[in-house]
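Here the structure is laid out as structure tokens; the discussion comes afterwards.
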Amino acid sequence: MAMAPSKVVVLMAFMAAALSSVSMAAGLQHGFYYSSCPQAEDTVRNVVQGMINNDPTMGAAFVRLFFHDCFVRGCDASILLDPTTSNPQTEKTTIPLRGYDAVNKIKAAVEAVCSRVVSCADILAFAARDSIVASGGFNFHMPSGRLDGFRSIADEVFQGIPSPAFQLQELLDNFATKGLNAEDLVVLSGAHSFGLTHCNFVTPRLYPTVDPTMNATFAAALKKVCPPPRNGGGFISVSNNRVTDPNKLSNQFYHNVASGQVLFTSDQTLMDQTPTTGNKTAAMVTDNAANPIAWMARFAGAMVKMGGIEVLTGTDPGEVRKVCFATNNAS
Ligand code: HEM
Ligand SMILES: *[C@@H]1O[C@H](CO)[C@@H](O)[C@H](O)[C@H]1NC(C)=O
Ligand SMILES: *[C@@H]1O[C@H](CO)[C@@H](O)[C@H](O)[C@H]1NC(C)=O
């Protein structure tokens with residue numbers, strides 16, 4: 001599944017030019033560990049690459065973990081904290097995500113080369129970037145210097161993470177609270193070109209009647225994979241992208257939106273209009289479908305922007321965790 005290195009390098013040259021205009025969150029910088037832990041980024045990349053070679057679905061797991069981390073109390077690794085007796089309701093107790101053990105393994109590999117230097121928030125950011133290299137074939141700089149937070153609160157997940165049943169205006173409002181705009185929404189939704197979903201997020205669009213915005217041929221095939229929820233099929237996994245390679249991050253998502261072959265209302269609604277945005281997001285879907293290289297550059301830029309949401313840096317209250325699943329005083 002992994003791309004040949006030569007192909008990645010070709011895009012790197014392009015990306016460097018394309019991304020020179022991308023703004024970084026205050027406090028983050030390129031190569032934050034350049035002198036304190038020069039092996040940090042290579043170590044993360046090697047471990048992530050090996051994991052994706054073993055299981056090509058893992059790239060999507062890391063990218064989604066990063067999204068969920070950043071959308072709930074900023075990119076502070078709060079998503080990674082296990083529940084404790086004093087805090088039994090951490091973020092991870094709410095929505096089942098894949099890849100926690102894998103992140104703990106990456107952290108262990110980084111600790112082996114530099115103890116207590118590289119934050120879990122940065123490790124997750126690097127792992128997401130390296131997943132994009134491995135699964136999407138394009139590379140970019142991910143700024144670093146994030147600290148790990150002390151708190152993780154389950155209820156904040158429901159306020160922060162958008163629902164797959166959201167309509168366009170609700171998605172725009174949700175992204176706006178994170179400082180992200182309509183273009184970021186459309187561009188980042190391209191992450192649904194890879195990875196897995198549980199049928200229970202899809203069946204509301206299939207039963208009792210098929211959502212008319214879904215392609216009827218696509219829906220008929222999807223019903224065979226995802227039976228009605230009362231038959232206990234909610235936890236069956238289905239590929240986000242059922243049209244082409246489900247482990248490849250690409251602009252295929254936009255072709256799927258345009259032909260009604262996406263799983264969520266929140267994907268399909270990008271073709272809708274709002275009083276303020278008109279058909280802007282639909283036009284962006286068309287443009288990203290037609291211009292794969294432009295989408296790569298936009299996606300990289302939007303990942304950097306997402307990676308700057310409410311980050312803790314410098315003297316902000318935070319720490320570099322010893323393990324990603326617990327704070328250092330394990331409270
Ligand atoms: C726009 C609002 C979004 C909604 C409503 C949404 C919703 C969802 C849902 C319901 C799933 C399936 C989860 C499951 O069954 O386990 C999913 C999967 C996924 N999402 Fe999103 N998502 C959104 C945005 C994003 C963004 C911004 C990214 C990253 C840039 C992202 C990356 C992914 C990935 C990679 C998967 C597959 C995860 C895996 O394979 O384990 N999503 N999303
Ligand atoms: C519906 O999906 C099929 C493939 O499953 C495709 O050939 C067809 O063009 C799609 N229909 C529309 C209206 O996009
Ligand atoms: C958006 O609207 C403009 C003008 O109303 C139209 O020319 C264009 O084709 C529309 N684009 C899409 C993707 O619907």
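All figures in this text were calculated on a predicted structure; none of them were measured in a lab. Order of listing sets the numbers, starting from 1, for every ligand and every atom in it.
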Looking only at protein heavy atoms, which one is nearest to [atom], and how far off is it?
atom	answer
atom 12 (C) of ligand 1	T197 OG1, 3.3 Å
atom 35 (C) of ligand 1	A60 O, 3.2 Å
atom 2 (C) of ligand 1	P162 CG, 3.4 Å
atom 41 (O) of ligand 1	R98 NE, 2.8 Å
atom 38 (C) of ligand 1	R64 CD, 3.5 Å

- Note on the structure: For G145 and T313 the tightest heavy-atom approach is O-CG2, 3.5 Å

- Message: How close do L81 and C324 get, counting heavy atoms only, and between which atoms?
- Response: CD2-O, 4.0 Å

Hey, is [atom] touched by any protein heavy atom at less than 4.0 Å?
atom	result
atom 4 (C) of ligand 2	yes
atom 11 (N) of ligand 2	yes
atom 7 (O) of ligand 2	no

Taking the side chain as C-beta and beyond, is there a heavy-atom pair between [X] and [Y] under 4.5 Å?
X	Y	result
H255	Q261	no
F66	M306	yes
I106	F126	no

Within the side chain of [X], is there an N or O that forms a donor-acceptor pair under 3.5 Å with the backbone of [Y]?
X	Y	result
R129	H141	no
Y254	P292	no
N174	I161	no
R321	G149	yes

Enumerate the atoms of ligand 1 whose separation from the nearest heavy atom of [X] is less than 4.0 angstrom.
X	result
F175	1 (C)
S163	5 (C)
F201	10 (C), 13 (C), 14 (C), 15 (O)
P164	5 (C), 10 (C)
N240	18 (C), 19 (C), 36 (C), 37 (C)
A191	28 (C), 29 (C), 30 (C), 31 (C), 32 (C), 35 (C)
F67	22 (N), 23 (C), 24 (C), 25 (C), 26 (C), 27 (C), 28 (C), 29 (C), 31 (C), 42 (N)
L185	1 (C)

- Query: Which ligand 2 atoms, with their elements, are less than 4.0 angstrom from a heavy-atom of Q261?
  - Reply: 2 (O), 4 (C), 5 (O)

- Where ligand 2 meets N215 - atom numbers and elements under 4.0 angstrom, heavy-atom basis: 1 (C), 2 (O), 3 (C), 8 (C), 10 (C), 11 (N), 12 (C), 14 (O)

- Report the distance from atom CG of L249 to atom OG of S193, rounding to the nearest 0.5 Å. 4.5 Å

Quick check: does [X] get an N/O under 3.5 Å from an N/O on ligand 1?
X	result
H198	yes
L196	yes
H192	yes

Strictly by modelled atom types, are [X] and [Y] linked by a side-chain donor-acceptor pair under 3.5 Å?
X	Y	value
R45	N139	yes
N241	S239	no
Q252	S250	no

Would [X] count as a contact residue for ligand 1, given that I'm defining contact as a non-hydrogen atom of the residue lying under 4.0 Å from a ligand atom?
X	value
F264	yes
F194	yes
V63	yes

- Task: Step through it carefully: locate the ring centre of F71, locate the ring centre of F175, and say whether they are under 6.0 Å apart.
- Result: yes

